[in-house]
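Data first, discussion second: the structure below is written as structure tokens.
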Amino acid sequence: MSEIRILLMGYADGELGPEDRARVEEALAKDPELRRELEEMRRLKEATLGIDALADAEVEAFWGTVYNRLERRAGWVLLLAGSAGVMGAGCYLFFTHEWAHWSVKLAGASGLLGTIVLVWSVWRERRRACAHDRYAREVRR
Amino acid sequence: MAGAGRTEVVPADEQRAIARCQRGDREAFELIVRLYTSRALAAAKAVVRDAALAEDAAQDAFVRAFRAIRRFRIGEPFYPWLYRILRNSCLTTLKRHGKPPPSLDAEGAPPPPAPPFDPAMNLAKEELRAAVRDAMTELSDPHREILHLSHFEGLSYREIADCLKIPIGTVMSRLWAARQALKKALAPRMAGHE
């Protein structure tokens with residue numbers, strides 16, 4: 001690729017410093033082909049510049065979904081925290097009180113074990129997904 | 001570009017809104033989301049090439065951005081930071097839906113010079129814009145992405161470098177190659193208008 005053509009692109013985009021700008025202007029004065037290319041670049045850029053703005057209703061709907069996602073997370077955190085509290089209290093009673101029949105204790109133990117297995121499984125899956133996501137660090141910057 | 005659905009916020013207001021977001025203010029975050037929705041959706045579409053997936057990825061990006069916003073440094077430009085999160089969300093959304101991720105960082109061999117054309121010839125601005133959008137679907141992922149940032153978003157080379165985390169020299173060479181590829185893809189579409 002020719003250096004002057006890359007500089008020409010920078011010139012069309014208004015990105016060059018005074019020295020490079022002078023170089024391009026000197027080349028433009030001599031070469032009609034470069035002038036045609038510059039015009040072509042400018043017209044292409046002018047035609048494409050700008051994002052199609054969404055209608056208000058679309059933005060509203062989009063924000064609604066984002067808001068719901070943010071709220072849902074808070075709901076999950078509260079639910080999990082509450083469940084963990086109930087589970088902890090249950091465990092305490094399970095080991096410290098004699099009143100429950102062995103079958104109730106067995107049911108309680110299997111429920112607790114099942115929860116631990118599921119939480120462990122989800123945590124492991126997420127950890128594996130993070131290990132393979134090379135862009136995960138971007139949100140931590 | 002101002003228009004329907006785009007809230008006008010001057011940078012100082014934007015920075016103030018971000019500072020409020022950092023204190024957990026969701027109303028302030030609503031302002032940020034409304035300001036960047038159109039851009040985020042368009043950018044996500046340029047990466048994932050699917051409207052539904054792009055919407056999912058953009059929503060995910062805003063949720064991640066809100067959770068991570070305390071780590072944003074006030075005073076820095078917001079969009080490159082958001083764009084990096086968006087790019088990440090696009091890749092994870094594609095992965096979640098079992099689609100191959102785009103090779104956004106790959107540098108291909110420089111393309112041969114494209115045939116010259118006059119983009120103004122017999123084409124109205126809107127027609128040319130539509131033709132460019134259509135031609136961009138044929139381009140490689142890195143070329144499509146950088147053209148979207150430069151042509152449609154109108155970002156400076158510095159901002160593009162921040163978005164993609166590449167040096168400015170790489171921005172220039174990749175953009176030049178992308179424009180050559182675009183011209184090549186546009187040529188057959190222009191032929192019918194000669």
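Bear in mind the structure is a predicted one, so any value in this text is a computation, not a measurement.
Heavy atoms closer than 4.5 Å to chain A are found in both the backbone and the side chain of Val63(B). Looking at Ala61(B), neither its backbone nor its side chain comes within 4.5 Å of chain A, counting heavy atoms on both sides. No part of Glu37(A) comes within reach of chain B, as not one of its non-hydrogen atoms sits under 4.5 angstrom from that chain. With a 4.5 Å cut-off on non-hydrogen atoms, Ile168(B) does not touch chain A at all.
Ile74(B) and Ile32(B) fall within a single hydrophobic cluster, where Ile, Leu, Val, Met, Phe, Trp and Tyr side chains are chained together by heavy-atom contacts under 4.5 Å.
Between the side chain of Glu153(B) and the main chain of Gly50(A), no donor-acceptor pair closer than 3.5 Å is present. Put simply, the side chain of Arg129(B) gets close to the backbone of Thr48(A): a donor and an acceptor are under 3.5 Å apart.
Between chain A and the residues Arg70(B), Arg133(B), Glu30(B), Met172(B), the most heavy-atom pairs under 4.5 angstrom are made by Glu30(B).
Within the 4.5 Å cutoff, side-chain heavy atoms of Leu44(A) are placed close to those of Leu186(B). Considering only heavy atoms from C-beta on, Phe152(B) stays 4.5 Å or farther from Leu49(A) through its side chain. Annotation: side chain of Arg158(B) is not in contact with side chain of Glu15(A) (no heavy-atom distance under 4.5 Å). Here the side chains of Phe62(A) and Val33(B) are in contact, with some heavy-atom distance below 4.5 Å. For the pair Met9(A) and Tyr157(B), the minimum side-chain heavy-atom distance is below 4.5 Å. The side-chain heavy atoms of Ser150(B) and Lys45(A), taken from C-beta on, include a pair separated by under 4.5 Å.
The two atoms that bring Ala47(A) and Leu128(B) nearest to each other are CB-CD2, 3.4 Å, heavy atoms only.
For Phe29(B) and Tyr67(A), the ring centers are positioned 6.0 Å apart or more.
For Glu25(A), the CD atom sits in a packed shell: over 12 heavy atoms of surrounding residues, nucleotides or ligands are nearer than 6.0 Å.
For the atom pair OG1 (Thr65(A)) and CG (Asp56(B)), the distance works out to 10.0 Å, reported to the nearest 0.5 Å. In this structure, CD on Glu58(A) lies 10.5 Å from OG1 on Thr37(B), to the nearest 0.5 angstrom. Rounding to the nearest 0.5 Å gives a distance of 9.0 Å between CZ of Arg69(A) and CZ of Arg67(B).
With salt bridges taken as basic N to acidic carboxylate O contacts below 4.0 Å, none links Asp56(A) and Arg34(B).
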